[in-house]
Q: 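Can you keep this structure in mind? I'll have questions shortly.
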Amino acid sequence: MSDQQTSSYLDSLNDVQRQAVTTTDGPVLVVAGPGSGKTRVLTFRIAYIIEQGTAPWKILALTFTNKAAREMKERIEKVVGKRASYIWAGTFHSLFARILRVEAQHIGYPSNFTIYDTDDTKSLLGSIIREMNLDKQVYQANAIKNRISSAKSSLITPKLYEKNEELLAQDKMANMPLVHKIYAAYVARCKQAGAMDFDDLLFRLYELLQNHPEVVQKYREKFKYVLVDEFQDTNTLQYAIIKRLVQYPNSPRNICVVGDDAQSIYAFRGATIQNILDFENDFGQHGIKTFKLEQNYRSTENIVNTANAVISYNKRQIQKEIWSDKGVGDKIRVIKAVDDNEEGRRVADTILEQKNRYHLQNSDIAILYRTNSQSRIFEEYLRRFNIAYRVYGGLSFYQRKEVKDLISYLRMVVNPNDEEAFRRSINHPKRGIGGTSLAKVTDLARQQNITLFEALKHVALPKRTRHAADGYIHIIQEAQSKVDTANAYELADLIAKGSGLTDLLRNDKSIEGMGRLENHEALLDGIKSFVEEDTVIDTDTLPDKSLATYLQNIALLTDFDSNEENQNGDVVTLMSVHAAKGLEYKSIFVVGLEEKLFPSWMSMDSMEGLDEERRLFYVAITRAELYLTLSYANTRYRYGKMVMNEPSRFLAEVPADAVESTSTNPRSADHEYDKVARQREHRARVTGIAPRTRRGTARFAAPKVDPATFEPSPASEVETGRKVLHLKFGEGKVLNVDGGSDNRIATIHFSDLPQPEKRIMLKFAKLQVLD
DNA sequence: AGAGCGCGCCTTTTT
DNA sequence: GGCGCGCTCT
C-alpha cells in the first residue's frame with residue numbers, strides 16, 4: 001500500500017489517536033471516552049498493522065457484538081481492501097466457538113456440538129431439579145443459572161465449587177445447599193448431550209488452552225496481534241483467556257485493549273473494571289503505553305458537560321477530562337408526565353416536533369429505556385402518530401416458540417444427543433408421547449447410560465405409542481441419512497413437512513396462528529437464502545451450506561444481527577440502554593427516569609449497583625449528538641397495577657443550567673388525534689384484538705429480480721468478465737474467479753449494493769449468465 | 001394422553 | 001396484564 005494512502009488516513013487523526021494507532025508493538029491501553037473516535041483508532045490500527053506487513057489472519061480482534069465486529073471489518077476493508085476478510089474479528093463467543101469446533105476432540109466434544117441458549121439451560125436445570133426431587137420454588141432455575149454462570153466466569157469448576165466454603169455458605173443462606181450438586185449434574189448432562197452453553201464457550205476454551213500445551217502453542221503462534229474492544233466489559237474468564245494467549249516467555253505482548261471504565265455496564269454478567277486496573281499491573285513491566293482519548297467528536301458541549309457532571313457522582317474512576325468543541329448546543333429537555341401513557345404520547349409528539357423543526361429523519365432518533373418491557377407504550381403511540389419504528393432486543397426471532405420448534409428438529413438431525421432438542425420435539429406436534437412414555441424413555445436412558453434418542457428406539461411401549469415413536473425416529477433418521485448430501489434448506493424443508501409442523505401451523509387460522517406460520521416460513525426463507533445466496537465470510541473455516549454450519553451461525557445471533565441487509569429503512573429506533581452502547585443518534589430520548597426503574601430496584605441496595613446504573617445513564621446520555629430529551633412519569637402500570645414513582649435521582653444530578661428553563665412542555669396533543677386514538681383503543685378493547693406490533697414480522701428481503709423469468713446457468717459458465725444476474729443482488733460483473741475446481745469462488749461487483757463486491761461460492765449460488 | 005382452566009410469576013440489563 | 005406451567009377432568 002502506498003505511503004500516500006497510509007498518510008491520508010493517519011492525517012485524519014488527532015495526535016493521541018495517531019499514537020494509539022502507530023504504537024503497534026508491546027502492550028497498549030487505550031482509555032477512550034464516548035465519541036472519542038475509538039472505533040476509528042481500532043480499525044486504523046489494524047489496517048496499519050496489516051500495511052506494516054503482518055498477514056491479516058494473524059490478527060485477533062475481539063468484540064462483544066457481531067455488529068461491532070462487522071462494522072470494524074467493513075471499515076478496515078475500506079483501507080486495506082478485501083484482505084480484511086481474513087482478520088479474525090468477531091465476538092468472544094463466536095470466535096471461541098470456531099476454535100472449539102476445530103479442537104473439539106481434545107476435550108471430548110463432537111465438533112458439531114450444540115450451543116444451548118438461555119432457554120435450553122433453564123429447561124435442563126428444571127429437569128435436574130425435578131429429578132433430584134427438590135422444591136422448584138426454592139431452587140429457582142433462573143437463580144441457579146446465574147450462580148452457575150458466575151461460577152464459570154470466575155473459573156470455578158464443580159469440583160472447586162464443592163470445596164469453596166464461601167459459595168457453600170452463600171447457598172446455605174439462600175436455603176439452597178445443593179446448588180453444587182445441581183452444577184455438577186448440569187455440566188455432566190451438557191457434556192453428554194454434546195452441548196455447550198454461552199459460558200462454556202469461554203470456559204471450555206480456557207480449559208483447552210490450560211491443559212493442552214500443543215494447542216495453546218498453536219494459537220500463540222497464530223495470533224501475533226491481539227486487540228480487545230470494550231475491555232471494561234470483559235469478565236475474569238475472558239481476561240484469563242486473553243492472558244493465556246499473550247503472556248508467555250519471550251512473547252512480544254502485542255496486545256491492545258480499548259475501554260472506558262465509565263461505560264462499564266455488564267457487571268451483572270461478571271464483567272469487572274478490575275481488569276483494566278489489573279492490565280496495568282500485568283503488563284506494567286513490559287513497557288505498557290497508555291493513551292487517553294478525551295476529545296468527544298460526537299456531542300455538543302451541553303451534552304458532554306451533563307455526562308461529566310453525572311458520572312462525577314461515581315467514586316471510583318480513571319481520571320480523565322472529556323471535552324467537546326462542537327459548540328454549546330441545545331439545552332436538554334425534560335418531559336414530566338403524569339403517567340406512562342402521557343409519557344408515550346408526549347415523546348411521540350416531541351419526535352414529530354423535532355422532525356419538523358430540525359429536519360430530522362426518523363433514523364436520526366432513538367428512544368432508550370432501562371427495561372425492554374417499556375417499549376410497548378412507545379410502539380403504540382408511534383404507530384398512532386404514523387412514525388415508522390423498529391424495536392431491537394427483547395425476544396429475538398430465533399427465540400420465538402414456532403421458530404425454536406423447527407430448529408429443535410434440525411438440532412436433533414445434527415446432534416441426536418441434544419437432550420433439550422429431544423424434549424422439545426418429541427411430542428410437538430402432538431403424537432401421543434406424553435409424560436408416561438417419556439418417563440420410560442428417561443429411565444431406560446439412565447439405566448443403560450444411553451441418550452434419550454437411543455432409548456426411544458429400544459424402550460418397550462404400547463403398540464400405538466410405539467408406532468408414534470417410530471414415526472418420529474423415522475423423520476429424524478431420514479434427514480440424518482441425507483446430512484452429507486443435502487443442503488440445509490433441503491433438510492429443513494423435509495423436516496418441516498415430514499414432522500407435521502407446517503401442517504399444524506397452517507391449520508391454525510387464528511391471528512396469532514397466522515403470525516406463527518409467517519415466522520415459520522420466514523425461518524425457512526432464511527435458511528434458503530443462507531444456502532443460495534450467502535457470500536463467503538469465514539474464509540478460514542470450511543465454507544459450506546450444511547445444516548450444521550447453519551445452526552452454528554444462528555446460535556450466536558441476536559435480534560440485532562439477523563437483518564442487516566435490509567434494515568436501512570427510515571425508522572425510529574427503540575432499544576434498551578444496554579443495546580445502545582456504541583451507537584449514536586442526533587436525537588436521543590432517555591425515558592422512564594424514575595426511582596426503582598432507572599435506577600432499577602434490583603440494584604438499589606448497594607453502592608456498586610447504583611454506580612453501575614449511573615454508568616448506564618451516562619452511556620444513554622452520551623449516545624446523543626445534538627438533542628437530548630429525558631422523560632419520566634409519576635405513575636405507571638406494572639403487572640397491571642398502578643404504581644407511584646419518584647423521579648430518578650439521576651435527574652437531580654443533571655446540572656440545572658444545562659436544562660431548558662422554561663419547561664416548555666410540548667403542547668398537549670391536539671384533540672382531533674385524541675378522538676381517533678380513543679376510538680381505536682375502544683375498538684381494541686371490545687374486540688380483544690391488540691393492534692399488532694411490528695416485532696413479529698418477517699425480515700428477509702424480497703428478491704430484486706423476478707424469480708419467474710430467472711434462469712440459473714451452470715456454474716461452469718461463470719467466468720471472469722461475464723455479466724451475471726443474481727436473485728437477490730441483481731446484476732453484477734464477475735471480477736475474478738478463484739478456488740479449486742470443486743470450490744470455485746467468484747468475486748462479483750453488484751452495482752446496486754452499498755457494498756458492491758461480494759464473494760460468492762459458485763457451488764451454491766444461482767447465477768444467470770447474461771452475456 | 002390431551003384439553004381446559006386457574007394460579008403464580010413476572011420485568012433488569014445480554015452473549 | 002399476559003404467559004407458562006401444573007392440576008384436574010374426560
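A note on names: the letters A, B, ... follow the listed sequences, proteins ahead of strands, and every chain is numbered from 1.
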Q: Rounded to whole Å, please give me the gap between NE2 in A:His467 and P in B:dA1.
A: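 Going from NE2 in A:His467 over to P in B:dA1 covers 16 Å.
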
Q: Quick one: A:Lys430 NZ to B:dG4 P, roughly how many Å, whole number?
A: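 My rounded result for the distance is 11 Å.
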
Q: Is the backbone N or O of A:Leu201 less than 3.5 Å from a side-chain atom of A:His93, with the two atoms forming a donor-acceptor pair by type?
A: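 Judged by distance alone, no pair lies under 3.5 Å.
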
Q: Toward the 5' end of DNA chain B, which comes first, A:Asn146 or A:Arg431, by nearest nucleotide?
A: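 Looking at the nearest nucleotide for each, A:Arg431 comes out on the 5' side.
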
Q: Judged by atom type as modelled, is there a donor-acceptor pair below 3.5 Å linking the side chain of A:Thr234 to the main-chain atoms of A:Tyr239?
A: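 No, because the side chain of A:Thr234 does not come within donor-acceptor range (under 3.5 Å) of the backbone of A:Tyr239.
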
Q: Think A:Thr436 has a side-chain N or O under 4.0 angstrom from the OP1 or OP2 of B:dA1?
A: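 It does, given that an N or O in the side chain of A:Thr436 lies less than 4.0 Å from OP1 or OP2 of B:dA1.
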
Q: In whole Å, I'd like the distance from the CD atom of A:Glu230 to the P atom of B:dT15.
A: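 Those two atoms, CD and P, are 12 Å apart.
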
Q: Scan A:Phe92 against the nucleic acid and name what it touches under 4.0 Å (heavy atoms): base, sugar-phosphate only, or nothing.
A: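 If one applies the 4.0 Å heavy-atom cut-off, A:Phe92 turns out to touch nothing in the nucleic acid.
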
Q: Can A:Tyr639 be classed as stacking with the base of B:dT11, given a centroid separation cut-off of 5.5 Å and a plane angle cut-off of 30°?
A: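 A stacking contact does not exist, since A:Tyr639 is not both close and nearly parallel to the base ring of B:dT11.
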
Q: Of all the nucleotides listed (B:dT11, B:dA1, B:dT14), which has the minimum atom distance to the side chain of A:His578?
A: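 Nearest to the side chain of A:His578 among the choices is B:dT14.
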
Q: Can you tell which of B:dT13, B:dC10, B:dG2 lies closest to the side chain of A:Asn427?
A: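 Given the options B:dT13, B:dC10, B:dG2, the side chain of A:Asn427 is closest to B:dG2.
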
Q: Please confirm whether the shortest side-chain N or O distance from A:Asn142 to OP1 or OP2 of B:dC9 is below 4.0 Å.
A: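 The answer is no; no side-chain N or O of A:Asn142 sits under 4.0 Å from OP1 or OP2.
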
Q: What is the distance from OH of A:Tyr398 to C1' of B:dT14, rounded to the nearest Å?
A: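 Taking atom C1' of B:dT14 as the reference, OH of A:Tyr398 is at 17 Å.
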
Q: When you check the phosphate oxygens OP1 and OP2 of B:dT13, does a side-chain N or O of A:Ser603 lie under 4.0 Å from one of them?
A: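 Looking at the OP1 and OP2 atoms of B:dT13, neither is under 4.0 Å from any side-chain N or O of A:Ser603.
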
Q: Is it true that the side chains of A:Asn341 and A:Tyr637 contain a donor and an acceptor less than 3.5 Å apart?
A: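 No, because no side-chain N or O of A:Asn341 sits under 3.5 Å from a partner of the opposite role on A:Tyr637.
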
Q: Relative to the 5' end of DNA chain B, which residue comes earlier, A:Phe64 or A:Arg638, by the nucleotide with the nearest heavy atom?
A: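 Residue closer to the 5' terminus by nearest nucleotide: A:Arg638.
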
Q: Under a 3.5 Å cutoff, is there a donor and acceptor pairing between the side chains of A:Asp197 and A:Tyr186?
A: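 Looking only at side-chain atoms, A:Tyr186 and A:Asp197 do form a donor-acceptor pair, the distance falling under 3.5 Å.
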
Q: Less than 5.5 Å between centroids and less than 30° between ring planes, does A:Tyr266 satisfy that with B:dT14?
A: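 The base of B:dT14 is not stacked with A:Tyr266 (the test needs centres under 5.5 Å and planes under 30°).
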
Q: With no hydrogens and no angle check, is any side-chain donor or acceptor of A:Asn415 less than 3.5 Å from a backbone partner on A:Arg411?
A: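 Judged by distance alone, no pair lies under 3.5 Å.
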
Q: Describe the nucleic acid contact of A:Ser437 in one word from base, sugar-phosphate, nothing, applying a heavy-atom distance below 4.0 Å.
A: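 Result for A:Ser437 = sugar-phosphate.
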
Q: What is the distance from CD1 of A:Ile265 to C1' of B:dT15, rounded to the nearest Å?
A: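 That distance rounds to 13 Å.
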
Q: Looking across every strand, which nucleic acid part, if any, lies under 4.0 Å from A:Phe598 by heavy atom: base, sugar-phosphate, or nothing?
A: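 Since no nucleic acid heavy atom lies under 4.0 Å of A:Phe598, the category is nothing.
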
Q: Rounded off to whole Å, could you give me the NZ-to-C1' distance for the A:Lys581 and B:dT15 pair?
A: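 Whole-Å distance recorded here is 12 Å.
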
Q: Using atom types as modelled and distance alone, determine if a side-chain donor or acceptor of A:Asn275 lies under 3.5 Å from a backbone N or O of A:Gln232.
A: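 No: the side chain of A:Asn275 does not pair with the backbone of A:Gln232.
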
Q: Expressed as a whole number of angstroms, how long is the span from A:Lys122:NZ to C:dG4:C1'?
A: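 The distance from NZ of A:Lys122 to C1' of C:dG4 comes to 12 Å, rounded to the nearest Å.
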
Q: Please report the distance, rounded to the nearest Å, between CZ in A:Arg269 and P in B:dT15.
A: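 So the CZ-P distance, A:Arg269 to B:dT15, works out to 7 Å.
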
Q: Under 4.0 Å between any heavy atoms, over every strand shown, what does A:Ser94 touch: base, sugar-phosphate, or nothing? Just pick one.
A: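 Nothing, no nucleic acid heavy atom in range.
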
Q: Are A:Asn372 and B:dT13 close enough that a side-chain N or O sits under 4.0 Å from OP1 or OP2?
A: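 For B:dT13, OP1 or OP2 has a side-chain N or O of A:Asn372 closer than 4.0 Å.
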
